[in-house]
> 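One structure is given below, represented as structure tokens, and several questions about it will come after.
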Amino acid sequence: MYTTILELSTRFALATGDKEFDPDTVTPGIWGFVATAVIALAVVGIGFDMVRRIRRTNYKAEISARLEAELAEREAGTAGATDGGAAASAPDDK
């Protein structure tokens with residue numbers, strides 16, 4: 001199998017060796033530009049999506065922290081009203 005591959009690659013190299021090769025005239029062409037542009041657009045799109053998801057995660061964490069703080073404040077307020085509220089609202093006997 002390896003000899004077949006080697007033989008085919010040797011024949012191909014000899015067949016293409018007949019043509020003159022000018023490295024200055026070789027360009028990727030329009031398809032190379034299109035492929036590069038598609039990859040660039042995909043990377044930019046993925047970047048925008050990543051930023052959007054990170055912002056959403058940060059906002060959810062911020063809202064969760066605010067809700068927890070409000071709940072803790074309410075808990076402290078209701079506990080203070082039941083304990084200290086009765087003593088503060090009782091009239092003095094003076």
Side-chain angles (χ1 to χ4, degrees):
M1 180 169 155
Y2 293 115
T3 57
T4 306
I5 294 173
L6 183 61
E7 184 179 336
L8 288 175
S9 63
T10 305
R11 285 186 185 177
F12 182 73
L14 291 176
T16 57
D18 297 340
K19 298 178 183 176
E20 201 172 304
F21 178 72
D22 186 12
D24 294 329
T25 61
V26 177
T27 63
I30 189 70
W31 292 112
F33 174 76
V34 169
T36 304
V38 167
I39 290 173
L41 289 174
V43 168
V44 168
I46 289 171
F48 278 122
D49 185 55
M50 180 186 66
V51 168
R52 182 178 56 94
R53 289 175 187 263
I54 289 173
R55 281 187 184 158
R56 186 184 310 159
T57 303
N58 288 339
Y59 289 148
K60 284 182 181 179
E62 184 180 324
I63 289 171
S64 176
R66 283 185 185 177
L67 288 175
E68 288 177 7
E70 286 179 12
L71 287 175
E73 188 177 309
R74 283 185 188 171
E75 298 268 330
T78 57
T82 57
D83 296 339
S89 64
D92 291 333
D93 289 333
K94 292 183 184 180

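Everything numeric in this text was worked out from a predicted model, so none of it was measured.
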> Using a cut-off of 6.0 Å, state whether more than 12 heavy atoms not belonging to Arg74 lie near its atom CZ.
no
> Check for a donor-acceptor pair, side chain of Ser64 on one end and backbone N or O of Lys60 on the other, with a separation under 3.5 Å.
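No, the answer is negative, given that no donor and acceptor are paired below the 3.5 Å cut-off.
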> Between CD1 of Ile54 and CG of Asp49, what distance do you get to the nearest 0.5 Å?
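So the gap between those two atoms works out to 10.0 Å.
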> Taking atom CE of Met50 and atom CZ of Arg53, what is their separation to the nearest 0.5 Å?
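Separation between the atoms: 11.0 Å.
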> Taking a hydrophobic cluster as the set of Ile, Leu, Val, Met, Phe, Trp and Tyr residues connected by side-chain heavy atoms closer than 4.5 Å, whether directly or through intermediates, do Val38 and Ile30 fall within one such cluster?
yes
> Less than 4.0 Å between a side-chain N and a carboxylate O, is that true for Arg66 and Glu70?
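Not counted as a salt bridge, because no side-chain N and carboxylate O are separated by less than 4.0 Å.
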> Say you draw a straight line from CG of Leu41 to CD1 of Ile46; how long is it, rounded to the nearest 0.5 Å?
11.0 Å
